[in-house]
Protein chains: 2
Amino acid sequence: MNSQFKKGVLELIVLLSVNKRDMYGYELVSEVTKVVDVNEGTIYPLLKRLTNENYFETYLVESTEGPSRKYYKLTVLGKSRLEELKKGWIEFSSSVSEFIKECEKGE
Amino acid sequence: MNSQFKKGVLELIVLLSVNKRDMYGYELVSEVTKVVDVNEGTIYPLLKRLTNENYFETYLVESTEGPSRKYYKLTVLGKSRLEELKKGWIEFSSSVSEFIKECEKGE
DNA sequence: ATTTAGTACTTGACAATGCAAGGTAGTAAG
DNA sequence: CTTACTACCTTGCATTGTCAAGTACTAAAT
């Protein structure tokens, strides 16, 4: 897969996931990977950035399977960011798909 | 528009455009901008890279409206690159759209 | 008890892409 | 002869994702 396609979309995928239910980082890696391959070194810095930008709040929950889990929860600001990104993605991807179709028509 | 969505897709848009007909750099800027905003500082280095990777051949044509135009033409290798990218894009964008739909379902 | 495996998070050096800004140079019109 | 438009190219920068390594905690196997 072209790893460049990912840029920017990862943020959307992460916001969508956390919007479904609060999640912790390690869980997000496997959740997000269902859609686009991603590794820890990508997810954790992204979560940090989104938390700094006040899209997430975090809280710790102890686990019996290892160290405490840091859960991420969407803030109100995060929800509006999600809507904005989602709208942007839909517009963008359909205009690209439209262009592809037009080019195929002319062949 | 989220400029990050562009990453990687620009190459696809450029290949699609040149596949329709040979084009020169300056022309490509306005052609590609119909789909995604782009400027010269992005296009020229990209054209150079794609030429170095043997996806393009170039030839000069004199113009009565300014300096000579450097036209870009898709090579056989370029056409296969185009098909590859196009396939990749379609798969990628539909899996993202699918994920968005699933998330909306659960609301 | 100690090793192993799995969970969970962090950090720093790195690569790829796009942008803004600037430079060169030809043609045409005022 | 200056302005404007066409056309091309380069450089330095910011953003984002990747890779590799490291820390630390828990549970189960040896």
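We name chains A, B, ... by the order of the sequence lines, and we start the count at 1 in each one.
For DNA chain C, the neighbouring residues in residues 42-50 of chain B, judged by any heavy atom under 4.0 Å, are B:Thr42, B:Arg49.
Between B:Glu83 and B:Lys87 there is no side-chain heavy-atom pair separated by less than 4.5 Å.
Here A:Lys7 does not reach the OP1 or OP2 of C:dG18: none of its side-chain N or O atoms lies under 4.0 Å away.
With sequence neighbours excluded, no residue forms a ring-ring contact (aromatic ring centres under 6.0 Å, His included) with B:Tyr55. For A:Thr42, the side-chain contact (heavy atoms from CB on, under 4.5 Å) partners at least two apart in sequence or on another chain are A:Leu10, A:Val38, A:Asn39. Residues meeting the ring-ring contact (aromatic ring centres under 6.0 Å, His included) test with B:Tyr26, sequence neighbours left out: none.
Between B:Trp89 and A:Phe5, the angle of the ring planes goes over 60°, which puts this pair in the perpendicular group of the 30/60° scheme.
With hydrophobic clusters built from ILVMFWY side chains whose heavy atoms lie under 4.5 angstrom apart, B:Val9 shares a cluster with A:Ile90.
Rounded to an integer number of Å, the gap from OH of B:Tyr26 to P of C:dT27 is 16 Å.
Using a 4.0 Å heavy-atom distance criterion, A:Gly25 is classed as a sugar-phosphate-only contact. Using a 4.0 Å heavy-atom criterion, one finds that B:Glu11 contacts no nucleic acid atom at all. Contact annotation for B:Glu27: no contact, since no heavy-atom pair falls under 4.0 Å across all strands.
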So which protein nitrogen or oxygen atoms get under 3.5 Å of nucleotides 1-3 of chain C's nitrogens or oxygens?
none

Exercise for the section: List the protein contact pattern of nucleotides 25-30 of chain D with one symbol per nucleotide (5' to 3'): B for base contact, S for sugar-phosphate-only contact, - for none; contact means a heavy-atom distance under 4.0 Å. Expected result: BSS---
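Mapping B:Asn39 and A:Tyr72 onto DNA chain C by nearest heavy atom places A:Tyr72 at the nucleotide closer to the 5' end.
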